[in-house]
Amino acid sequence: MADAAHDDVHGHAHRHGHAHGHGHGHGHGHHHHAPPDDMGRAFLIGVVLNTGFVVAEVAVGLWTQSLSLLADAGHNLSDVLSLLLAWGAAVLAKRAPAGRRTYGMRKATILASLTNAVLLLVAVGVIVSEAIHRLQEPAPVATGLVMITAGLGVLINGATALLFMRGSHSDLNVRGAFLHMAADAGVSLAVVVGAFAMSRTGILWIDPALGLLIAVVIVVGTWGLLRDSIDLALDAAPRGVDVDEVRTWLAGLPGVEDVHDLHVWALSTTETAMTAHLLRPDNADADDFLHQASEELAHRFNIGHATLQVETDAARTCRLAHHAGPV
């Protein structure tokens, strides 16, 4: 699917698109790339419309004996789940840090993406086993009703996708919701075409074959999400940030002689944190240096939460300087 291409665009948006609107003063006001607030409305409409449609689709699917329609319902249900998870995560991410949770609930956005991906793969298993059974014993399907229902799906998913189009560049979860909805419209369209072909030709295996195909679509769509979520859960640097580039840039700052213990990780699906130790013997302008460096990290790399430890005495280097990995 267009996942890889989309990832790349996403990475570029992260690298270049976020130079505006960084709050001056202390570097913590970087919520400019949290999901836009009206996304809440988009989520609500999306969830209500799609839940209603999934119920209708399952009912008609069972009534008409159409596996492709049931698979499409599975695909749509996966999206309702992902919408709920993404919405809940976006709300949780805004909660202030307190007590032991010094990052608030930001990581919830990453866990939500992960849960969502796993749930989808389970749904796929069910569809595939049923499709294989149906290919062995094809059963007749009431095609007219299938076409009407899936046609409705094209409209609903198309409309929902448009609601999410705006926020899809800045947040992994909103991007997930948008991609899902767009893919859903396509899948529902395939079901319409399949039912039409069956009604014209009378070939019964079109339905289970289409069910299998939809299962493949779900897996392909989920794979990227699963990979990104696992990466972020393991505190890998987000896709849009090149760690070597950050290291080189830090090393090139005025007066910096060495960079060590550099870590870049995701606080949430939208926020990035970083820590590093810098050896800078002549550190007379310490505050200005830190302020400049933090501003630049936010502008250049979209790293809104940077912590820099500056060391001035090369002879008494930090105990972490000689270790490649964490101690």
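In this text, all values refer to a predicted model and were calculated from it rather than measured experimentally. Numbers here simply count residues along the sequence, with the first being 1.
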Practice item. Tell me, with the steps shown, if Arg247 and Asp242 meet salt bridge (Lys or Arg N to Asp or Glu O under 4.0 Å). Key: CA-CA 9 Å; Arg247 186 188 302 278; Asp242 181 339; over 6 Å; no
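Asp282 is linked by a side chain to side chain contact (heavy atoms under 4.5 Å, CB included) to Ala284, counting only residues two or more places apart in sequence or in another chain. Legend: residues meeting side chain to side chain contact (heavy atoms under 4.5 Å, CB included) with Leu162, ordered by chain and number and at least two apart, are Met165.
Using a 3.5 Å distance cut-off with no hydrogens or angles, the side chains of Ser68 and Ser66 do pair a donor with an acceptor.
Between Leu210 and Gly194, the shortest heavy-atom contact is CD2-CA, 4.0 Å.
Formation of a donor-acceptor pair under 3.5 Å by the Asp207 side chain with backbone atoms of Leu67 is found in this model.
Here the side chains of Glu245 and Phe301 are in contact, with some heavy-atom distance below 4.5 Å. Two residues are said to be in side-chain contact when any heavy atoms from C-beta on lie closer than 4.5 Å; Arg239 and Arg227 meet this criterion. Side-chain atoms of Asp72 and Thr149, non-hydrogen and from C-beta on, never get closer than 4.5 Å to each other. Using a 4.5 Å heavy-atom cutoff, the side chains of Phe53 and Leu152 are in contact. Considering only heavy atoms from C-beta on, Thr272 stays 4.5 Å or farther from Trp265 through its side chain. Taking the side chain as every heavy atom from C-beta outward, Arg134 and Gln65 approach each other to under 4.5 Å.
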